[in-house]
Amino acid sequence: MKITIRNRNLEIVGFVFAFESLIWAERYIQNGDCEIYVPVEKNSLDLFKIGYYIEKEDSDMICVIRKIEITTDAESGDYIAVYGIDIRCLAEQRIVWNITNFSGIAETFFRNLIYDSMIEQVNSGRRMLKPDGTNLIGIGTSRGYPVGFSLTSVFTISL
């Protein structure tokens, strides 16, 4: 199994093929998370940085590294524990700066909020872009959802 590590510009910085332990918890309603335990080596110390992204080859979930710990044990050696959270958490960190008045279908309202806070941030420089300059976040086609649908079904993240 291959784990890909990308920097903050979404450029590949390396791969992890061997690890002591991997917990990859994908969740439907809540944000998923991951934990990776790898032996300490010079390469692994350079590979993992807070804010870098982790991809697993057989998963749609991508995690952003939030915490790194180095553990030392005389019997088993030194290990790096890397903790990440699903990048869907990025939606929780965005701010809609403008006051929004809206009347109509709930799906349209949420689509507008996502567009304003995550896609069309040209003036504030907070636009989320891939290295080629295209948007990291996109809004899928309208599905005509009634009130009470999940926001995760409205937008997509692509690398």
Side-chain angles (χ1 to χ4, degrees), residues 1-95 107 110-111 113-122 124-143 145 149-159:
M1 179 180 326
K2 177 174 75 171
I3 303 294
T4 304
I5 309 298
R6 294 179 181 265
N7 63 17
R8 290 185 175 110
N9 295 323
L10 304 176
E11 301 160 334
I12 295 175
V13 293
F15 301 97
V16 178
F17 295 99
F19 40 82
E20 184 70 24
S21 171
L22 171 66
I23 299 171
W24 196 264
E26 296 182 49
R27 296 185 178 86
Y28 180 71
I29 294 177
Q30 297 175 327
N31 291 328
D33 56 63
C34 68
E35 297 178 19
I36 303 172
Y37 296 92
V38 296
V40 171
E41 298 172 357
K42 183 185 180 335
N43 182 31
S44 59
L45 291 173
D46 295 335
L47 193 60
F48 298 108
K49 306 277 186 205
I50 292 180
Y52 278 23
Y53 300 98
I54 304 170
E55 295 178 62
K56 188 171 156 234
E57 67 181 337
D58 60 349
S59 173
D60 291 333
M61 182 174 78
I62 300 168
C63 290
V64 60
I65 297 174
R66 289 290 175 95
K67 183 177 171 184
I68 301 170
E69 294 178 350
I70 298 177
T71 58
T72 303
D73 186 348
E75 291 181 17
S76 59
D78 300 332
Y79 281 88
I80 297 176
V82 179
Y83 303 93
I85 187 166
D86 189 340
I87 61 172
R88 290 187 301 175
C89 73
L90 296 175
E92 298 167 357
Q93 301 171 1
R94 307 307 283 185
I95 297 171
E107 179 184 8
F110 286 119
R111 291 168 62 82
L113 286 179
I114 290 169
Y115 184 82
D116 291 345
S117 65
M118 301 178 86
I119 297 173
E120 188 56 44
Q121 288 289 324
V122 177
S124 68
R126 291 176 39 115
R127 210 165 151 195
M128 302 174 77
L129 300 174
K130 293 192 267 185
D132 64 2
T134 59
N135 283 325
L136 174 66
I137 307 283
I139 298 180
T141 58
S142 179
R143 298 184 184 180
Y145 287 117
F149 67 92
S150 168
L151 274 180
T152 57
S153 61
V154 174
F155 68 94
T156 59
I157 299 171
S158 61
L159 293 179

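Because the structure is predicted, anything quoted here is derived from the model rather than measured.
- With sequence neighbours excluded, the residues satisfying side-chain contact (heavy atoms from CB on, under 4.5 Å) with Lys67 are Glu69, Tyr83.
- The salt bridge (Lys or Arg N to Asp or Glu O under 4.0 Å) pairs that include a residue from residues 13-28 are Arg27-Asp33, where partners are two or more places apart or lie in different chains.
- No more than 12 heavy atoms of other residues, nucleotides or ligands lie within 6.0 Å of CD in Gln30, so this atom counts as exposed by the packing criterion.
- Judged as a side-chain contact (heavy atoms from CB on, under 4.5 Å), and not counting sequence neighbours, the contacts of Leu22 are Met1, Ile3, Phe19, Trp24, Ile36, Lys56.
- The side-chain contact (heavy atoms from CB on, under 4.5 Å) check on Thr4 picks up Lys2, Arg6, Ile12, Phe15, Glu55, with sequence neighbours excluded.
- With sequence neighbours excluded, the residues satisfying salt bridge (charged side-chain N to carboxylate O under 4.0 Å, His left out) with Asp46 are Lys42.
- Remark: Asn7 pairs with Glu11 by the side-chain hydrogen bond (donor to acceptor under 3.5 Å, both in side chains) rule, at least two apart or across chains.
- Separating the OH atom in Tyr52 from the CG atom in Leu10 is a distance of 11.5 Å, to the nearest 0.5 Å.
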Check: Taking it one step at a time, do Tyr37 and Thr71 satisfy side-chain contact (heavy atoms from CB on, under 4.5 Å)?
Finding: CA-CA 10 Å; Tyr37 296 92; Thr71 58; 5.9 Å; no

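- Shortest non-hydrogen contact noted between Ile54 and Cys34 is CD1-SG, 4.0 Å.
- Partners of Ser21 by side-chain hydrogen bond (donor to acceptor under 3.5 Å, both in side chains), not counting sequence neighbours: none found.
- Atom CG of Asp78 has more than 12 neighbouring heavy atoms from other residues, nucleotides or ligands inside a 6.0 Å radius.
- Judged as a side-chain contact (heavy atoms from CB on, under 4.5 Å), and not counting sequence neighbours, the contacts of Ile80 are Val38, Val40, Ser44, Leu45, Ile68, Ile70, Val82.
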